[in-house]
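Scroll down for the structure; my scribbles are underneath it.
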Amino acid sequence: MNYQFSFRPFKQKFIHPVITSHGIWEIRESIILRLVDVKGRVSWGEISPISWFGSETIEQALDFCSQLPTEITQELIFSIPNNLPACQFGFESALQNLGKNNELTSIKNLTYSGLLPAGEAALKQWQILWEQGYTTFKWKIGVDEIATELNIFNSLIQNLPNSAKLRLDANGGLSYKEAKLWLKTCENLQTKIEFIEQPLPINQFIEMLELSNLYSTKIALDESVATLQQLEYCYQQGWQSIFVIKPGIIGSPSQLRKFCQEHEIDLVFSSVLETEISRQAALQLAAKLSRNNRAVGFGINHFFTQQPENWLQSLWKNL
């Protein structure tokens with residue numbers, strides 16, 4: 001079957017810049033896809049790369065879309081190469097949504113983790129998110145001096161309610177010595193610390209494997225499993241702790257489903273700061289594949305201003 005294809009670049013400015021160990025991120029660039037089948041049914045997809053995380057660049061994704069004809073096939077979609085994982089996800093998701101109810105609705109039976117800002121701002125933001133119903137929070141570390149962050153961490157832990165869970169996300173920004181200090185600090189806080197996410201760079205997988213066996217605080221891989229090929233590799237190398245999956249950049253959703261159905265792995269699904277189009281597709285995967293009822297990392301609405309209801313149609317007003 002053939003599908004009419006078009007695309008539009010899309011930009012959203014964060015209300016407050018996102019600060020990680022990779023730097024300061026101010027604008028979210030993505031590509032919105034539109035497929036129309038022979039019956040005139042419309043479906044949307046989204047390509048939201050994070051090149052510093054291991055996906056293609058936004059320029060590579062735009063170049064790929066620009067080279068496609070205005071009429072594409074299912075075979076073309078499933079032949080997108082592995083070096084374009086965000087494109088794989090965007091096109092496959094759009095294809096899978098054709099013929100379904102295209103309304104963007106909430107997914108039942110999922111709990112959400114709220115993303116806190118780096119630094120001292122987290123001490124105020126968690127209270128706002130708590131009042132909105134969040135009980136799991138993620139806080140970025142490896143951004144400032146470790147002594148400064150440990151002081152903020154101590155205040156955060158003392159103030160969080162006993163029923164709250166905290167995830168610490170280093171984005172690969174710690175040294176081995178710093179990672180050990182964080183793990184040691186968290187060792188007696190098992191009821192509050194759910195895991196430390198990607199403490200070391202991806203080229204230090206063996207060291208993270210070693211640390212996961214030395215401490216009872218769980219370690220989760222994130223950047224190390226950015227793509228499906230990396231996920232398969234780390235699993236084969238013996239990783240038995242948590243895998244953080246970012247569907248928007250991991251690659252083919254059908255291949256991800258196949259892998260997760262064949263292997264019992266502990267998954268946390270996480271956002272790439274996408275629009276509700278990609279978020280909906282990602283959450284549908286999370287609802288089907290999550291095994292341990294861990295909160296999904298999609299509590300990110302407070303990073304963007306709300307889009308008007310007709311924002312998608314307005315993108316295509318000149319078609």
Sub-3.5 Å donor-acceptor pair from the side chain of Gln204 to the main-chain atoms of Pro201, do we have one?
-> no
Evaluate the side chain to side chain donor-acceptor pair (under 3.5 Å) criterion for residues Trp130 and Gln125: first the C-alpha distance (whole Å), next the side-chain angles of each, then the deciding distance (0.1 Å), finally the verdict.
-> CA-CA 9 Å; Trp130 178 265; Gln125 184 66 44; over 6 Å; no
Verify the neighbour count for atom CD of Glu264: are there more than 12 heavy atoms of other residues, nucleotides or ligands below 6.0 Å?
-> no
If you count the non-hydrogen atoms of other residues, nucleotides and ligands that lie under 6.0 Å from CZ in Phe78, is the total more than 12?
-> yes
Between Trp52 and Ser55, is there a donor-acceptor pair closer than 3.5 Å when you use the side chain of the first and the backbone of the second?
-> no
Asn310 (side chain) donor-acceptor with Gln313 (main chain) under 3.5 angstrom = no
Using a cut-off of 6.0 Å, state whether more than 12 heavy atoms not belonging to Gln237 lie near its atom CD.
-> yes
May I ask you to check whether Tyr134 and Trp126 place their ring centres under 6.0 Å from each other?
-> no
Is there a side-chain contact between Ile32 and Trp311 (heavy atoms, below 4.5 Å)?
-> yes
Distance, nearest 0.5 Å, that separates CD1 of Ile245 from CD1 of Ile250 = 3.5 Å
Please state whether the rings of Trp25 and Phe14 are parallel, tilted or perpendicular, taking 30° and 60° as the class boundaries.
-> perpendicular
Asn188, CG atom: more than 12 neighbouring heavy atoms under 6.0 Å | no
For Arg279 and Asn301, test the side chains for any donor-to-acceptor distance below 3.5 angstrom and give the result as yes or no.
-> yes
Any side-chain heavy atom of Asn293 sitting closer than 4.5 Å to one from Thr111?
-> no
Verify whether the ring centers belonging to Tyr235 and Phe259 lie closer than 6.0 Å.
-> yes
Beyond-backbone contact of Phe91 with Leu76, side-chain heavy atoms, under 4.5 angstrom = no
Just checking, any donor-acceptor pair under 3.5 angstrom between side chains of Ser254 and Glu92?
-> yes
State, yes or no, whether a side-chain contact exists between Asn159 and Ile157 at a heavy-atom distance under 4.5 Å.
-> no
Take Gln158 and Ser155, measure what side chain to side chain donor-acceptor pair (under 3.5 Å) needs, and give me the verdict at the end.
-> CA-CA 5 Å; Gln158 288 171 16; Ser155 296; 5.4 Å; no
Taking atom types as modelled, find out whether Glu56 and Asn83 have a side-chain donor-acceptor pair closer than 3.5 angstrom.
-> no
What is the distance from atom CD of Glu194 to atom NZ of Lys165, rounded to the nearest 0.5 Å?
-> 6.5 Å
Nearest 0.5 Å, what's the OG-NZ distance between Ser270 and Lys246?
-> 3.5 Å
Between Val225 and Ile206, is there a shared hydrophobic cluster once you connect ILVMFWY residues whose side-chain heavy atoms come closer than 4.5 Å?
-> yes
Worked check of side-chain contact (heavy atoms from CB on, under 4.5 Å) between Leu228 and Asn82 = CA-CA 9 Å; Leu228 187 57; Asn82 290 337; over 6 Å; no
Do Leu181 and Leu150 have side-chain heavy atoms sitting under 4.5 Å apart?
-> yes
Is there side-chain contact between Pro9 and Leu62, with at least one heavy-atom pair below 4.5 Å?
-> yes
In terms of ring plane angle, is the pair Trp182 and Trp139 parallel, tilted or perpendicular, where the classes change at 30° and 60°?
-> perpendicular
Got more than 12 heavy atoms from elsewhere within 6.0 Å of CD, Glu207?
-> yes
Decide yes or no for Gln12 and Gln307: does some side-chain heavy atom of the first lie under 4.5 Å from some side-chain heavy atom of the second?
-> yes
Do other residues, nucleotides or ligands put more than 12 heavy atoms under 6.0 Å from the NZ atom of Lys218?
-> no
Might you work through the side-chain contact (heavy atoms from CB on, under 4.5 Å) test for Ile249 and Phe89, ending with a clear yes or no?
-> CA-CA 7 Å; Ile249 60 171; Phe89 181 81; over 6 Å; no
Donor-acceptor pair, Asn97 side chain versus Ser93 backbone, under 3.5 Å?
-> yes
Gln306 atom CD, over 12 foreign heavy atoms within 6.0 Å = no
After noting the C-alpha distance and the side-chain angles of Gln198 and Ser224, does the key distance pass the side chain to side chain donor-acceptor pair (under 3.5 Å) rule?
-> CA-CA 8 Å; Gln198 194 73 35; Ser224 292; 2.9 Å; yes
Between Lys13 (side chain) and Phe304 (backbone), is there a donor-acceptor pair under 3.5 Å?
-> no
Roughly how far apart are Ile300 CD1 and Leu273 CG, rounded to 0.5 Å?
-> 5.5 Å
Criterion side chain to side chain donor-acceptor pair (under 3.5 Å) on Thr70 and Gln4, from CA distance to verdict | CA-CA 6 Å; Thr70 56; Gln4 295 298 316; 4.6 Å; no
Do the charged groups of Arg294 and Asp266 touch, with an N to O distance under 4.0 Å?
-> yes
How are the rings of Phe7 and Phe5 set to each other: parallel, tilted or perpendicular (split at 30° and 60°)?
-> parallel
Glu274 backbone acceptor or donor facing Ser278 side chain under 3.5 Å | no
Approximate separation, where rounding is to 0.5 Å, of Leu160 CG and Thr135 OG1 = 10.5 Å
Is there a side-chain contact between Thr57 and Pro49 (heavy atoms, below 4.5 Å)?
-> no
Leu231 and Ile50: same hydrophobic cluster, using ILVMFWY side-chain contacts below 4.5 Å?
-> no
Counting only N and O atoms by type, is there a donor-acceptor contact under 3.5 Å from the side chain of Ser212 to the main-chain atoms of Leu209?
-> yes
Could you please spell out the steps behind the side-chain contact (heavy atoms from CB on, under 4.5 Å) verdict for Ile219 and Phe195?
-> CA-CA 5 Å; Ile219 295 176; Phe195 54 77; over 6 Å; no
Taking atom CD1 of Ile24 as the centre, report whether more than 12 heavy atoms of other residues, nucleotides or ligands fall under 6.0 Å from it.
-> no
Is there a donor-acceptor pair closer than 3.5 Å between any side-chain N or O of Gln127 and the backbone N or O of Leu123?
-> yes
Pick one: which of Ile141, Leu166, Thr148, Ile146 meets side-chain contact (heavy atoms from CB on, under 4.5 Å) with Phe153?
-> Leu166
Are any side-chain N or O atoms of Glu29 and backbone N or O atoms of Lys11, one a donor and one an acceptor, separated by less than 3.5 Å?
-> no
Quick one: do Glu197 and Lys138 make a salt bridge, cutoff under 4.0 Å?
-> yes
Side chain Arg8, main chain Ile31, donor-acceptor under 3.5 Å | no
Applying side-chain contact (heavy atoms from CB on, under 4.5 Å), run through Val244 and Leu221 and close with a yes or a no.
-> CA-CA 6 Å; Val244 176; Leu221 296 183; over 6 Å; no
To the nearest 0.5 Å, what is the distance between CD1 (Ile196) and OG1 (Thr185)?
-> 8.0 Å
Does a side chain donor of either Glu46 or Thr275 reach within less than 3.5 Å of an acceptor in the other side chain?
-> yes
Examine the side chains of Trp316 and Ser6 and answer whether a donor and an acceptor come within less than 3.5 Å of each other.
-> yes
